[in-house]
Amino acid sequence: MNPIVREIAERAADLLRVPVARVEGVLAPPREESLGDYTIPCFAFAKELRRSPQEIAAELASALEELSSVERAEAAGPYVNITVDRPRLLAHILGQVLREGEGYGSSGEGRGKTIVIDYSSPNIARPFTIAHMRTTVLGHSLKRIYEHLGYRVVGVNHLGDWGTQFGALIAAYKRWGVRERVERENVYELFRLYVRFHEEAKQDPSLEEEGRAWFKRLEEGDPEARELWQWFVDLSWQVFQRYYEILGIEFEEVRGESAYRDRTGPLIQELLEKGIAKESRGAVIVPLEDSEDGKDDKEEPPLLLRKSDGTTLYATRDLAAAIYHYETYRFHKKLYVVDAGQSLHFKQLFKALEKMGYPWAKDLVHVAFGVVLFEEQRMSTRAGRVVFFEDVLNQAVERIRQIIEQAEKKTDLTEEEKERVAQDVGVGAIVYANLSRSRLQNIHFRWDEVLSFEGRSGPYLQYTHARLAGVLRKYGREIPQAPDCAALSQLQEVALAKKLEQFPSRVQSAAREYDPFLLSDYLYDLALATNKFYDSCRVLGEPSEVEGARIALVYAAKTVLKKGLELLGMKAPEKM
RNA sequence: GCGCCCGUAGCUCAGUGGAUAGAGCGCUGGCCUCCGGAGCCAGAGGUCGCAGGUUCAAAUCCUGCCGGGCGUACCA
């Protein structure tokens, strides 16, 4: 909160004899910019003061008008609309951004705290699809946001490299696999084998049995099963790493489900001995029904730890992983960035850990998100109804190459730079598309939408940044550290500066709500304000007071835009 | 059946108690002798799923219903 707003709130609170926080709670920007900078709706104070809101507003208006930082304060019915001393406000905002630079919007709230984020965590032996992008991009952005707030963040890639499905894959490979083809086509061939397995299993259910049997052999350490499995893992990881490199993602910990295979046995033993788990229908479960008064008409499904064939499940390994992560990192919080369809799983998991007496169970958060739909249906890897990430990326990059070539303005980019830019912007389009709606919304994947780079899109934000970079390049001198803000009197200048002021609180909201959308939404508004300013206010060649003030504004906007893009996991090219 | 999520403009989505509900796409019409037109400006387009209730004030909170998605013990 800036000092001007604080002064206003304190004065008003003093006058009304209410806590400052009450005033700050209702103080907001007005409905329309032309009404002023801030407004205080006075309804909330009417009852206790036994006066009409209109009366209160009138009194506040005349009192606030006397503050030196207030330019104008007028009552509009029950509202007080306040216009502040703009040069002072802008000097405060610009001063802060110029002083803090890339550190603007950071804070010490995370000092000494560790956050573990489990994200991306793809299943091996399958190509990345556009559906995998949601967890990858969300988790990555959350990671950068928390880091900006001073947290130590451990990005965990909990690879899906264990489970019945690998029994199925081994069975499929044993039946139809060709080594050379797998080596050549990698995950795409493994994926084909997997799909074929499920298709043929529809006709011949004994295949499922065969798959389960292979998984059992795998869990028991059968050398042939292990060897094939390791081969699949190595091949897959090679491909995944390339994708992560393109996306600019690095993990602090890559530790698949298989890493916990030796912990699950003892864990199940312990739970049985403590009476937390029990045998039921041949399997081992943790009952979770909260039967306080014996009425279990709700009948919550239990958490399954071991199947009747003796093999473990996803949940067993997740349990072991949570304990491992707490022991290793003593986390402040652990976030699971996993689609909303798994809500029950996490509810069960957290409850089971609570039953086990771990106080940190309350620090586990399922950061749920909506699924990506294709042709109005959920993508299904098994059914083969998927869009591969690589295809989307290639098309996006190709589209951008064309746009660069067709640009009217002669581009001075070298061929190498063009490639770089095409990739950065292509990735940006995909990333932004995944962060451009609140996380619980499903996303309808449409080619024309992802390949549209106009309006609200990743490239729009990057383009805005590149324009500002262009102005700064041409200016070519030191940015004035104490610009004359009285020279910034245009509506668009004030609006842009006020937008810049919101950045820190938006970063915090995004962290608090575990939703980078809150940041991406803000960045679009910021880019819009920037373009409006750019369109109506010329910078270079203006009288020196104006030019100096405007270039400082340009610099501040570019700095925030760049930082914001980075927090979303996007590049901010200087030229494009 | 039960649980969670969603329902706002033709389409995709913001807005979760405060003034006349906002964007993008699409549609109509404007703006480059001037810092990058991947841009800017203007216009048309909405009984905020329905019905009650709480409140000075409801798209927003509560209750019920309708429609859609997901989940609901041996997949991950």
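Each chain gets a letter, A, B and so on, in the order the sequences are listed, and its residues count up from 1. Predicted model only: the values in this text are computed from it and were never measured. Below, all heavy atoms of this structure are taken into account, side chains as well, without hydrogens, waters or symmetry copies.
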Quiz item: Pairs in or reaching into residues 428-444 of chain A: which pass salt bridge (charged side-chain N to carboxylate O under 4.0 Å, His left out), with residues at least two apart or in two chains?
Solution: Arg437(A)-Glu449(A)
Quiz prompt | Pairwise salt bridge (charged side-chain N to carboxylate O under 4.0 Å, His left out) hits with a residue in residues 540-552 of chain A, at least two apart | solution = Arg477(A)-Glu547(A), Glu493(A)-Arg550(A), Glu542(A)-Arg550(A)
Quiz item: Can you pull the side-chain hydrogen bond (donor to acceptor under 3.5 Å, both in side chains) pairs that have at least one residue in residues 42-52 of chain A, sequence neighbours excluded?
Solution: Arg22(A)-Glu48(A), Arg51(A)-Glu59(A)
Quiz prompt | Pair listing, side-chain hydrogen bond (donor to acceptor under 3.5 Å, both in side chains) test, anchored in residues 516-528 of chain A, at least two apart | solution = Arg456(A)-Asp521(A)
Among the candidates [options], find the nucleotide nearest to the side-chain atoms of [X].
| X | options | value |
| --- | --- | --- |
| Asn531(A) | rA38(B), rC40(B), rA76(B) | rC40(B) |
| Pro301(A) | rA38(B), rC35(B), rU72(B) | rU72(B) |
| Gln441(A) | rG7(B), rG36(B), rA38(B) | rG7(B) |

Self-check item: Reading 5' to 3' through nucleotides 18-25 of chain B, protein heavy-atom contacts under 4.0 Å coded B for base, S for sugar-phosphate only, - for none
Solution: BBB--SSS
Exercise. Taking atom P in both rC40(B) and rU47(B), compute the distance separating them and give it to the nearest angstrom.
Key: 29 Å
Quiz prompt | Pairwise C1' distance, rU8(B) and rG49(B) [rounded to whole Å] | solution = 10 Å
Quiz prompt | Non-neighbouring partners of Lys418(A) that pass side chain to side chain donor-acceptor pair (under 3.5 Å), sequence neighbours left out | solution = Glu405(A), Glu415(A)
Exercise. With sequence neighbours excluded, tell me which residues meet side chain to side chain donor-acceptor pair (under 3.5 Å) with Gln502(A).
Key: Lys499(A), Arg506(A)
Review item, nucleotides 67-71 of chain B N/O atoms under 3.5 Å of protein N/O:
| from | atom 1 | to | atom 2 | distance (Å) |
| --- | --- | --- | --- | --- |
| rC70(B) | O3' | Arg378(A) | NH1 | 3.3 |

Self-check item: RNA chain B base-pair string [pairs: Watson-Crick or G-U under 3.5 Å; |: paired with another strand]
Solution: (((((((..((((....[...)))).(((((.......))))).....(((((..]....))))))))))))....
Quiz item: Contact class for Cys42(A) (heavy atom, under 4.0 Å): base, sugar-phosphate, or nothing?
Solution: nothing
Practice problem: Indicate, with a heavy-atom threshold strictly under 4.0 Å, whether Lys575(A) touches base, sugar-phosphate, or nothing. | Solution: base
Quiz item: Taking only residues two or more places apart in sequence or in another chain, which ones pass salt bridge (charged side-chain N to carboxylate O under 4.0 Å, His left out) with Lys558(A)?
Solution: Glu574(A)
Quiz item: Is the His366(A) to Phe350(A) ring centre distance short of 6.0 Å?
Solution: no
Quiz item: Considering residues at least two apart in sequence or located in another chain, which fulfil the ring-ring contact (aromatic ring centres under 6.0 Å, His included) criterion with His465(A)?
Solution: none
Self-check item: Any residue meeting ring-ring contact (aromatic ring centres under 6.0 Å, His included) with Phe453(A), in chain and number order, not counting sequence neighbours
Solution: none
Quiz prompt | From OG (Ser438(A)) to CD (Glu513(A)), nearest 0.5 Å | solution = 10.5 Å
Quiz item: Syn or anti for rC32(B), with syn set at within 90° of 0?
Solution: syn
Practice problem: For Leu491(A) and rC40(B), give me the distance from atom CG to atom P, rounded to whole Å. | Solution: 17 Å
Practice problem: Taking only the side-chain nitrogens and oxygens of Thr164(A), find out if one of them lies under 4.0 Å from OP1 or OP2 of rA76(B). | Solution: yes
